[in-house]
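For the numbers below, each heavy atom of this structure counts, side chains included, while hydrogens, waters and symmetry mates do not. For ligands, and for the atoms within them, numbers begin at 1 and follow the listed sequence.
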Amino acid sequence: MQNISPEAASEIAAALGPGGVLARDDWGPFLEEWRGRWRGAPSLIAAPASTGEAARLVRLCAARGVAMTPIGGNTGLAGGQMATNGEVLISMHRMNRVRLVDAAGMTMIAEAGVTLAAARDAAEAAGRLFPLSIGSEGSCQIGGVVSTNAGGVNVLRYGNCRDLVLGLEVVLPSGEVWNGLKRLRKDNTGYDLKQLFIGGEGTLGLVAAAALKLFPRPRDKAAAFVSVASPAAAVRLLARAQAASGGGVTSFELMSDAIVSLTLAKIAGTRRPVAQSPWHVLIEFSSGEEDALRPLVERLLADAAEAGEIIDAAIAQNEAQSANFWRIRHSMAEAMRGEGRQAKHDVSVPVADAPAFLDAADAAVARIAPGARVMAFGHLGDGNIHYDILKPEGAKDDALAPVLSAIETAVHDEIARFDGSISAEHGVGLARRDEIARRKAPIEIDMMRRIKAALDPQGIMNPGKML
Ligand SMILES: Cc1cc2nc3c(=O)[nH]c(=O)nc-3n(C[C@H](O)[C@H](O)[C@H](O)COP(=O)(O)OP(=O)(O)OC[C@H]3O[C@@H](n4cnc5c(N)ncnc54)[C@H](O)[C@@H]3O)c2cc1C
């Protein structure tokens with residue numbers, strides 16, 4: 001456990017000015033993470049209000065060899081934002097200005113501490129769309145979504161965060177500032193350095209601001225909640241929906257009946273939209289044309305029913321119904337809270353392999369933990385499944401504790417068989433650090449270590465995370 005000296009603490013306070021160092025009474029929200037898996041123990045919490053202040057802070061820490069951990073909205077699910085070892089925790093919440101919205105050029109520049117919801121609102125106020133959409137958008141911040149390369153429900157149409165970033169401003173571990181905030185869609189002048197920091201989880205520097213891509217706002221949207229017999233039927237429906245809409249599918253979310261039923265039971269005000277069946281899909285389409293989608297979606301679902309691909313379907317008649325569909329999907333993580341120790345996986349495979357992966361993983365889990373409840377759901381359109389295992393109904397909270405690591409190994413072994421990823425969108429942090437060291441090719445880990453050593457030779461930027 002590292003502790004900074006009182007002199008260093010007062011130098012930092014002087015460099016940042018009033019509000020730049022948090023009083024201990026205000027530390028509470030920074031010490032716990034969403035799932036309660038890790039507890040933070042920082043030696044100080046600093047909150048710079050500008051890139052200049054952030055650079056001064058990092059320079060001071062670098063000069064004394066003090067380790068730092070960046071934190072955004074603290075919604076990360078891999079523990080990367082937890083200062084578990086006396087680091088100086090750098091909260092970006094005071095850097096919360098949208099510096100520019102260029103509606104004609106379809107770009108915006110937002111500082112790291114702008115929440116995702118505020119960035120989306122700023123784009124919308126200018127008649128544009130910033131399409132990144134995740135369940136935590138009211139709390140997570142631009143610096144956090146960039147640093148985790150967040151995905152979410154619109155990746156199928158617009159890509160993940162990496163596809164939405166044009167440029168970055170970064171404070172390097174030395175305290176130097178790289179102004180890479182170019183808003184160019186084309187720039188082939190050498191290595192694309194911003195990619196190192198996107199998904200870098202704060203291990204290579206502090207993201208201070210990002211230049212982001214904007215899109216036209218859709219003029220029409222349609223959502224349908226569909227019952228299907230199997231994941232294989234869902235994959236066939238995806239191909240049919242993409243072909244019929246000319247690539248207009250924005251979201252394609254697969255949900256097993258187990259997780260839908262748990263969510264309906266636990267989350268007040270949710271209602272089952274369609275007949276109960278083993279699997280469900282929430283599909284959303286968007287279009288630049290007004291009133292274009294309803295007839296298209298009706299025809300598509302009728303054709304799919306005739307082909308035996310779907311069992312039942314409900315098309316949202318209005319915003320409220322669409323909101324109810326999405327509330328069910330977005331409440332799934334919440335519904336599983338309080339269900340005791342769980343084995344959680346955020347994995348991806350090629351889309352067509354998702355059904356075979358699910359069969360194989362289910363069989364492996366049933367062998368290791370008979371009676372355990374499999375909650376499978378996620379962004380099937382991206383091949384990304386959240387595959388979570390809960391204790392058997394009525395069992396003690398820690399019933400799965402003795403087999404958690406056996407379940408995780410078995411599920412990740414199946415992922416390896418399908419050449420998939422053991423962390424599709426939540427990142428590595430503390431949660432998957434040891435696992436990626438085992439599962440990635442040694443040459444990949446070696447290249448990552450060499451990049452880390454080149455940019456952070458002292459090893460002071462978010463040490464112990466990812467690598
Ligand atoms: C209910 C819920 C739903 C979610 N849904 C999704 C989803 O659909 N898709 C998805 O991808 N994720 C999802 N997440 C995970 C999480 O919201 C994302 O990982 C998000 O991008 C984290 O942003 P944050 O600002 O909260 O970052 P934090 O949790 O504060 O930090 C995450 C990581 O980024 C680093 N970091 C933060 N800010 C900076 C910065 N300015 N510079 C450098 N490093 C920084 C931290 O050190 C840490 O390693 C969900 C989480 C919750 C709680």
Side-chain angles (χ1 to χ4, degrees), residues 29-30 32-36 38 40 42 47-48 51 54 58 67-84 87 89-96 110-119 132-155 160-162 168-173 196-210 251 253 326 329-337 344 346 348 377-379 382 384 386 423-433 456 461-467:
F30 298 91
E32 286 282 352
E33 51 78 52
W34 207 75
R35 288 178 179 156
W38 300 276
T51 304
V58 173
M68 295 158 270
T69 293
I71 188 166
N74 192 13
T75 67
L77 297 174
Q81 71 280 18
M82 286 287 105
T84 48
E87 298 87 349
L89 188 65
I90 305 180
S91 170
M92 303 303 283
H93 68 273
R94 291 172 74 218
M95 290 185 60
N96 58 3
E111 293 184 345
V114 174
T115 63
L116 176 54
L132 188 69
S133 176
I134 61 182
S136 54
E137 64 196 27
S139 308
C140 66
Q141 299 177 0
I142 290 301
V145 298
V146 168
S147 301
T148 58
N149 184 26
V153 295
N154 289 340
V155 172
N160 50 25
C161 195
R162 193 180 294 287
L168 290 180
E169 182 177 86
V170 179
V171 181
L172 298 177
L196 292 175
F197 303 95
I198 304 172
E201 299 186 23
T203 60
L204 298 178
L206 201 57
V207 172
S251 311
E253 302 288 305
W326 277 110
R329 169 62 189 89
H330 282 312
S331 304
M332 290 179 169
E334 183 71 41
M336 285 186 290
R337 283 175 120 179
K344 288 180 135 14
D346 163 39
S348 63
F377 62 105
H379 320 296
D382 316 320
N384 177 191
H386 301 308
S423 185
E425 58 175 13
H426 294 161
V428 178
L430 291 168
R432 297 281 176 240
R433 183 193 59 189
D456 181 17
M461 199 47 94
N462 217 3
K465 312 294 168 46
M466 189 191 288
L467 282 168

Main-chain N/O of T115 paired to E137 side chain as donor or acceptor, under 3.5 Å: no

Protein residues that have a heavy atom under 4.0 Å from any atom of ligand 1, sorted by chain and number: W34, P70, I71, G72, G73, N74, T75, G76, L77, G80, Q81, M92, A112, I134, G135, S136, C140, Q141, G143, G144, V145, S147, T148, A150, G151, G152, E201, G202, G205, L206, V207, H379, E425, H426, N462

Contacts of D456 that satisfy salt bridge (Lys or Arg N to Asp or Glu O under 4.0 Å) - sequence neighbours left out: K452

Pairing residues for E253 by the salt bridge (Lys or Arg N to Asp or Glu O under 4.0 Å) criterion, not counting sequence neighbours: R329

T69: partners by side chain to side chain donor-acceptor pair (under 3.5 Å), with sequence neighbours left out: N462

Parallel, tilted or perpendicular, as decided by the 30° and 60° cut-offs, for the rings of F30 and H93: tilted

Donor-acceptor pair, side chain of R433 and main chain of G464, under 3.5 angstrom: yes

